[in-house]
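All remarks here apply to the structure that follows.
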Amino acid sequence: MIDSKASSSTPPGTPSGTPSGTLRIRTGGPESVPDLLALLDGAVAWLVGRGRTGQWGDQPFSTTPARVEQIEGYGREPFLVRLAVDDEGRTVGACVLSEQRGKYIPAVDEPELFVRLLVTDRTRKGAGIGAALIADAVEETRRRGIGLLRVDCYAGGDRELVAQYRALGFTETESFEVEQPNGVWPGQVLAIRL
């Protein structure tokens, strides 16, 4: 779940959709797992409330042992957890980065940084939290001397999530499908070249 709407008080020169003033991006780790799970549970509830269960299903991440294990893994190397924290110290978004792509993602013949997870607090929808986390991911990609940032996302339904990533500066590259017990999960890979 991402946000791409700009704050009306965005200073000149700030990437579109980046909130100004009250958001801090910091590095997380194993201690961040409860916050990640809470954000994901909130996102699933938000999606379910809109009849959009194709992306992550209808069950909270925190009640599914395999998903909890996956998120716990994000708290360790080789993953980098970046958290968006509001002025009251609450985690309102998270982005997990890695130089390793997911197992269903087509390979590339160059170094890359991959967004393995991007999730924001749905009560803050439209606040630019997702845009701020992606801007941070672009800077981390540059800092590492890498020229490619990629992400994959759910491409089903009306492809709204794909459109949101395009609004954040990504370009569609290849699509893929993952066979699941309840049918095929359509995915889309997108990239930003630096």
So do the side chains of [X] and [Y] get within less than 4.5 Å of each other, counting heavy atoms only?
{"X": "Val184", "Y": "Val178", "result": "no"}
{"X": "Val138", "Y": "Leu194", "result": "yes"}
{"X": "Phe170", "Y": "Val162", "result": "no"}
{"X": "Leu190", "Y": "Thr173", "result": "no"}
{"X": "Tyr154", "Y": "Arg159", "result": "no"}
{"X": "Arg124", "Y": "Asp86", "result": "yes"}

To the nearest 0.5 Å, what is the distance between [atom1] ([X]) and [atom2] ([Y])?
{"X": "Leu113", "Y": "Thr141", "atom1": "CG", "atom2": "OG1", "result": "4.0 Å"}
{"X": "Leu161", "Y": "Arg166", "atom1": "CG", "atom2": "CZ", "result": "10.5 Å"}
{"X": "Ile134", "Y": "Gln164", "atom1": "CD1", "atom2": "CD", "result": "11.5 Å"}
{"X": "Cys95", "Y": "Ile129", "atom1": "SG", "atom2": "CD1", "result": "13.0 Å"}
{"X": "Leu148", "Y": "Arg193", "atom1": "CG", "atom2": "CZ", "result": "4.5 Å"}

Using the test side chain to side chain donor-acceptor pair (under 3.5 Å), find all partners of Gln100 that sit at least two apart in sequence or belong to another chain.
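Not a single residue meets the side chain to side chain donor-acceptor pair (under 3.5 Å) criterion with Gln100.
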
Closest non-hydrogen atom pair, [X] against [Y]:
{"X": "Tyr165", "Y": "Cys153", "result": "CE1-CB, 3.7 Å"}
{"X": "Leu36", "Y": "Ala94", "result": "CD2-CB, 3.2 Å"}
{"X": "Leu39", "Y": "Val119", "result": "O-CG2, 3.7 Å"}

Does [X] pair with [Y] as a salt bridge, N-O distance under 4.0 Å?
{"X": "Glu139", "Y": "Arg143", "answer": "no"}
{"X": "Arg101", "Y": "Asp152", "answer": "no"}
{"X": "Glu174", "Y": "Arg150", "answer": "yes"}
{"X": "Glu160", "Y": "Arg50", "answer": "no"}

Tell me if the centroids of the rings in Trp185 and Tyr104 come within less than 6.0 Å of each other.
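Ring centroids of Trp185 and Tyr104 are no less than 6.0 Å from each other.
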
Membership question, hydrophobic clusters at under 4.5 Å side-chain separation (ILVMFWY): are Val108 and Phe114 in the same one?
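They do not share one cluster, since no chain of ILVMFWY contacts under 4.5 Å joins Phe114 to Val108.
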
All N/O donor-acceptor pairs, side-chain side in residues 68-77, below 3.5 Å, sequence neighbours left out:
residue: Gln70; atom: NE2; partner: Tyr74; partner atom: OH; Å: 3.1
residue: Arg76; atom: NH1; partner: Glu72; partner atom: O; Å: 3.4

Side chains of Ser62 and Asp41: do they bring a donor and an acceptor to under 3.5 Å?
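Looking only at side-chain atoms, Asp41 and Ser62 do form a donor-acceptor pair, the distance falling under 3.5 Å.
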
Quick one about Thr27 and Arg82 (side-chain donor to acceptor, distance below 3.5 Å, no hydrogens or angles considered), yes or no?
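Yes, because at least one side-chain N or O of Arg82 sits under 3.5 Å from a partner of the opposite role on Thr27.
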
For Asp121 and Arg90, what are the C-alpha separation, side-chain angles and deciding distance, and is it a salt bridge (Lys or Arg N to Asp or Glu O under 4.0 Å)?
CA-CA 10 Å; Asp121 181 340; Arg90 292 178 298 219; over 6 Å; no

For Ser175 and Gln188, indicate whether the former's side chain and the latter's backbone hold a donor-acceptor pair under 3.5 Å.
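Not at all, since once roles are kept as given, no pair shorter than 3.5 Å links the two residues.
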
Could you list the residues that satisfy side-chain contact (heavy atoms from CB on, under 4.5 Å) with Val85, not counting sequence neighbours?
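Once residues adjacent in sequence are excluded, the partners of Val85 under the side-chain contact (heavy atoms from CB on, under 4.5 Å) criterion are Arg24, Arg26, Leu83, Thr91.
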
side-chain contact (heavy atoms from CB on, under 4.5 Å) for Phe79 and Leu117? Distances and angles first, verdict last.
CA-CA 10 Å; Phe79 300 102; Leu117 174 69; over 6 Å; no

